[in-house]
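Lettering of chains follows the sequences in order, A, B, ..., and the numbering in each one begins at 1.
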There are 2 protein chains.
Amino acid sequence: MNYDEAKTKFVSTWGSLGTLWGINKAMAQIQALLFISIKPLCMEDIMEELKISRGNTSMNLRQLMDWGIVTKVIIPGERKEYFTTEKEVQELARVIAKERSRREIKPVVKVLKEVSSIADDGTEKTKELIKQTKALHDLTETADDMINKLVNQKQNWVTKSLLKLIK
Amino acid sequence: MNYDEAKTKFVSTWGSLGTLWGINKAMAQIQALLFISIKPLCMEDIMEELKISRGNTSMNLRQLMDWGIVTKVIIPGERKEYFTTEKEVQELARVIAKERSRREIKPVVKVLKEVSSIADDGTEKTKELIKQTKALHDLTETADDMINKLVNQKQNWVTKSLLKLIK
DNA sequence: TCAAACTTTCAATAATTATTGAAAGTTTGT
DNA sequence: ACAAACTTTCAATAATTATTGAAAGTTTGA
């Protein structure tokens, strides 16, 4: 496998993993492309490499910037804008996890709390609903906390030592 | 909020969370419904509660059974089939994480390993590709390992004490 | 072995989500 | 103030994914 093959393989695989953290293919691919690029890229570069339209590129770059993963770079003497991505995987993971938690997990935890707090009218079905949603609430909240805490540890040794602990 | 409101809210919220673990809405809703039901339900019950078609119900039940989350229950004297879901949240989380890892994370880890193992031809761009995909490989693999290990600990105290550790 | 009771399959359709491309908007140098 | 160089917006369209419903399949009891 040569450089170009490896690059294409990486970009498309990382793109398809997008769903795993709730972003679309193009967005994930743009990030992947920037992630392995040795210099900032402009819109043309990205459009050409990924064969996507200008509008698509613009919209997805915007979202990546909103997330704080991609930043605009101004190159003196150049009119057009260039882009780079966060190069530290640890930091990348932090941002993604944080965003995911905020957008998707937190609202669910909130609903679970509400539902598990309804008045116990004494019927078996209500008891079951309360019991099960409470269990789900605890699990979800704990998992969310853990992910956030883990991912906020910037030093990699924490992850490694934890992993050893639970082996 | 009374029982029926709470139930509807829970089922639809849990359904929309489906994307988070890579299953579709109907599948997540069926599971949610069974999760708070005090007795096994048949296809009619599910169709009626969720207002979905017979075909949809059948296909999604099948997939839930393939995942090992839902099991068929035979009620003596009854012709039709009944279904229940795993009621332990811990076990539920285990199955979901395992499935997700197998279907989505493992293949990506494999590709990252391949890509990061290409020959270093000495160019800067190749070095960068290798370096970055290697970092991603390590992170992804570590995260995957952690999730699997954590989720395999059936006792809840492990999670709790770990959480304390990293607070 | 038949028919009633039930489940599965799958082509057609609907719903959702991503992408395009061209017009409108913005910025910059002269 | 203008025009060139660039970016953004968004309605239209395409691609993808989920859902339906009816026909085919299966099981069971008499």
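- Salt-bridge formation is detected for the pair B:Glu49/B:Lys7: a Lys NZ or Arg NE/NH1/NH2 atom is positioned less than 4.0 Å from an Asp or Glu carboxylate oxygen.
- Nucleotide D:dT28 holds its C1' atom 14 Å from the CD atom of B:Glu78, rounded to whole Å.
- Taking both residues in full, the closest heavy atoms of B:Leu112 and B:Thr140 are given as CD1-OG1, 3.9 Å, listed atom of the first, atom of the second, then distance.
- Residues in residues 60-75 of chain A take part in these salt bridge (Lys or Arg N to Asp or Glu O under 4.0 Å) pairs, two or more places apart or across chains: A:Lys72-A:Glu81.
- C:dT17 atom C1' lies 16 Å from atom CD1 of A:Ile52, rounded to whole Å.
- For B:Met43, counting side-chain heavy atoms from C-beta on, the closest listed nucleotide (C:dT8, D:dT8, D:dC10) is C:dT8.
- Rounded to an integer number of Å, the gap from NZ of A:Lys25 to C1' of C:dT17 is 12 Å.
- For A:Lys80 and D:dA4, the NZ to C1' distance is 14 Å, given to the nearest whole Å.
- One can place CG of B:Asn24 at 15 Å from C1' of C:dT17, the figure rounded to the nearest angstrom.
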Margin query: For a salt bridge (Lys or Arg N to Asp or Glu O under 4.0 Å) check, start with the C-alpha distance between A:Glu99 and A:Arg102, then their side-chain angles and the critical distance, and finish with the verdict.
Written below: CA-CA 5 Å; A:Glu99 201 63 23; A:Arg102 188 180 63 75; 2.5 Å; yes
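- Here the closest heavy-atom approach between residue B:Thr57 and residue B:Met43 is recorded as CG2-CG, 3.7 Å.
- In DNA chain C, the stems built from three or more successive Watson-Crick or G-U pairs (distances below 3.5 Å) are C:1-30 with D:1-30.
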Next item on the list: Report the C-alpha distance between A:Glu44 and A:Lys80 in whole Å, list the side-chain angles of each, state the deciding distance to 0.1 Å, and finish with yes or no for salt bridge (Lys or Arg N to Asp or Glu O under 4.0 Å).
Entry: CA-CA 10 Å; A:Glu44 288 299 332; A:Lys80 60 191 166 202; over 6 Å; no
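- The distance between atom CD of B:Glu48 and atom C1' of D:dT20, rounded to the nearest whole Å, is 18 Å.
- For C:dT27, the base has a donor-acceptor partner in the side chain of A:Arg79 [N/O atoms by modelled type, under 3.5 angstrom].
- Summarising the geometry, the separation between CE on B:Met59 and P on C:dT8 is reported as 11 Å, rounded to the nearest angstrom.
- Nucleic acid contact for A:Asn56: base, since at least one base atom lies under 4.0 Å from a heavy atom of the residue.
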Next item on the list: Decide yes or no on salt bridge (Lys or Arg N to Asp or Glu O under 4.0 Å) for B:Glu128 and B:Lys125, but give the supporting numbers first.
Entry: CA-CA 5 Å; B:Glu128 182 74 0; B:Lys125 63 185 190 178; over 6 Å; no
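- Rounded to an integer number of Å, the gap from CE of A:Met47 to C1' of C:dT20 is 10 Å.
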